[in-house]
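A quick write-up on the structure given underneath.
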Amino acid sequence: MRIRIVDAFTDRPFAGNPAGVLLLDAFPDDDRLQRVALEVNHSETAFAHRLPAGGEADWALRWFTPATEVAMCGHATLATAHVLHTTGVHEGPVRFATRSGVLTATPREDGAITLDFPTAPLTPVQTPAGVAEALGAEPRTVLDTGPNIGDLLVEVADEKIVRGLAPDLTALAAHSERGVIATARAEDPARGYDYVSRCFFPNVGIDEDPVTGSAHTALAPFWSERLGRPDLTGLQASSRSGRVRTELRGGRTLLSGHAVTVIDGELLV
């Protein structure tokens, strides 16, 4: 099996979020997929195979962390679409059949790819006891992001707090299905982004995810309502960092970004 490592939501190598991508003839058993994802040991590895022509989707797509399969992943979807387009395996928009329904990835003239994902349903909740202590910051607003994402979205006072977070991940794991998205308004929008975030996902084996496309299906409606604009840019302020352009379209959110292939090799076992 040929395996590629792609840095997503970045236009330069060694930044953004790396994902493994394997294009297959069919999916092997789940244990095999999980073992490969553990060996790759990035936040997600994507497995895809072509579907028969004439259906509602072109490729079947699944995503695995080193610990488990997930219902939605933005950066590994972007990475897969990037591989399909740069290798000539698929031209134009590609439709993926996934656990979250059919997701579309469309190449743009500037070299970026736009993903069409379902917008996360946001439900305000009371701040759970212990979240402030586990996160290391006092929440301003806490929202549940629904079943596809399974995170708590936590707004804090400012960008400096987001950048300085050093959460207790063991304690944080008790408060959501996947993890916590911490966010704040950009300190200086002139730097080219409207809001900042960091994502901690201890329940799926990821202490901090570098750039999380799926989280932006919750961040986009949250910040679009507050800033009064459907088109925004989010900066995920991990050590690798990356930017996600978001466009809110009601029940759908468009996520746009670049990707770079950094490794192209062969899985020998």
Side-chain angles (χ1 to χ4, degrees), residues 1 3-9 16-24 26-49 57 59-81 83 96-103 115 117-118 120-121 128 131 134-135 144-154 167-182 197-219 236 238 240 242 255 267 269:
M1 290 187 288
I3 183 168
R4 297 170 175 88
I5 305 298
V6 177
D7 290 342
F9 292 115
N17 200 351
V21 178
L22 291 93
L23 305 182
L24 310 172
F27 291 136
D29 63 79
D30 289 2
D31 181 67
R32 170 73 167 166
L33 297 176
Q34 189 63 71
R35 286 175 179 270
V36 172
L38 178 59
E39 187 73 12
V40 173
N41 203 34
H42 286 313
S43 57
E44 262 87 16
T45 297
F47 302 90
H49 70 76
W59 290 75
L61 178 62
R62 297 173 70 181
W63 313 278
F64 285 76
T65 77
T68 189
E69 185 173 9
V70 296
M72 181 186 291
C73 179
H75 85 277
T77 304
L78 176 62
T80 304
V83 169
F96 294 110
T98 78
R99 288 173 57 179
S100 296
V102 176
L103 308 176
L115 309 177
F117 272 40
V131 163
L135 187 61
D144 180 84
T145 60
N148 281 341
I149 300 179
D151 297 327
L152 283 182
L153 175 61
V154 178
D168 180 339
L169 294 169
T170 301
L172 208 62
H175 296 291
S176 65
E177 181 181 344
R178 183 174 70 167
V180 169
I181 307 164
S197 66
R198 289 174 67 191
C199 293
F200 307 100
F201 302 143
N203 287 332
V204 293
I206 304 166
D207 289 349
E208 181 172 3
D209 198 35
V211 191
T212 313
S214 61
H216 285 76
T217 66
L219 291 162
Q236 195 156 330
S238 67
R240 293 176 62 100
L255 312 170
L267 186 66
V269 294

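If you're wondering where the values come from, they're calculated on a predicted model, not measured in any experiment.
- Heavy atoms only, all atoms of each residue included: Pro210 and Ser238 are closest at O-OG, 2.8 Å.
- Phe96 contributes atom CZ, which lies 8.5 Å from atom CG of Leu115 (distance to the nearest 0.5 angstrom).
- Checking side-chain atoms of Thr98 against main-chain N and O of Leu61 turns up no donor-acceptor pair under 3.5 Å.
- Contact detail for Met72 and Trp63: the closest heavy-atom pair is CA-CZ3, 3.4 Å.
- Remark: of the listed residues Asp207, Val180, Leu152, Asn203, Val180 is the sole one forming a side chain to side chain contact (heavy atoms under 4.5 Å, CB included) with Leu172.
- For the residue pair Ser100 and Pro118, the shortest heavy atom distance occurs at O-CG, 4.4 Å.
- The CD atom of Gln34 sits 8.5 Å away from atom CD of Glu69, with the distance rounded to the nearest 0.5 Å.
- Interatomic distance, Thr68 OG1 to Ile206 CD1, rounded to the nearest 0.5 Å: 10.0 Å.
- Heavy-atom minimum distance, Gln236 versus Asp209: NE2-O, 3.0 Å.
- His216 is listed as a side-chain neighbour of Ser197, based on a closest heavy-atom distance under 4.5 Å.
- In plain terms, the two heavy atoms of Pro202 and Leu169 that are nearest each other are CG-O, 3.6 Å.
- If you run side chain to side chain contact (heavy atoms under 4.5 Å, CB included) between Pro18 and each of His42, Glu44, His75, only His42 comes through.
- Annotation: side chain of Trp59 is not in contact with side chain of Thr80 (no heavy-atom distance under 4.5 Å).
- Taking both residues in full, the closest heavy atoms of Ile181 and Ala215 are given as CD1-CB, 3.6 Å, listed atom of the first, atom of the second, then distance.
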Exercise. Would Arg178 and Ser214 satisfy side chain to side chain donor-acceptor pair (under 3.5 Å), going step by step from the backbone distance to the final call?
Worked result: CA-CA 12 Å; Arg178 183 174 70 167; Ser214 61; 3.1 Å; yes

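- Summarising the local packing, CZ of Arg35 is surrounded by 12 or fewer heavy atoms from other residues, nucleotides or ligands at distances under 6.0 Å.
- In this structure, the ring of Phe47 has its center no less than 6.0 angstrom from the ring center of Phe27.
- Within the 4.5 Å cutoff, no side-chain heavy atoms of Glu39 are placed close to those of Thr45.
- By the 4.5 Å heavy-atom criterion applied to side chains, Asn17 and Arg240 are not counted as neighbours.
- In this structure, the side chains of Phe117 and Asn148 stay at 4.5 Å or more apart for every pair of heavy atoms.
- Here the side chain of Thr65 pairs a donor or acceptor atom with the backbone of Val204 at under 3.5 angstrom.
- With hydrogens and angles disregarded, no donor-acceptor distance shorter than 3.5 Å links the side chain of Asp151 to the backbone of Leu153.
- Val40 is not listed as a side-chain neighbour of Phe64, based on a closest heavy-atom distance of 4.5 Å or more.
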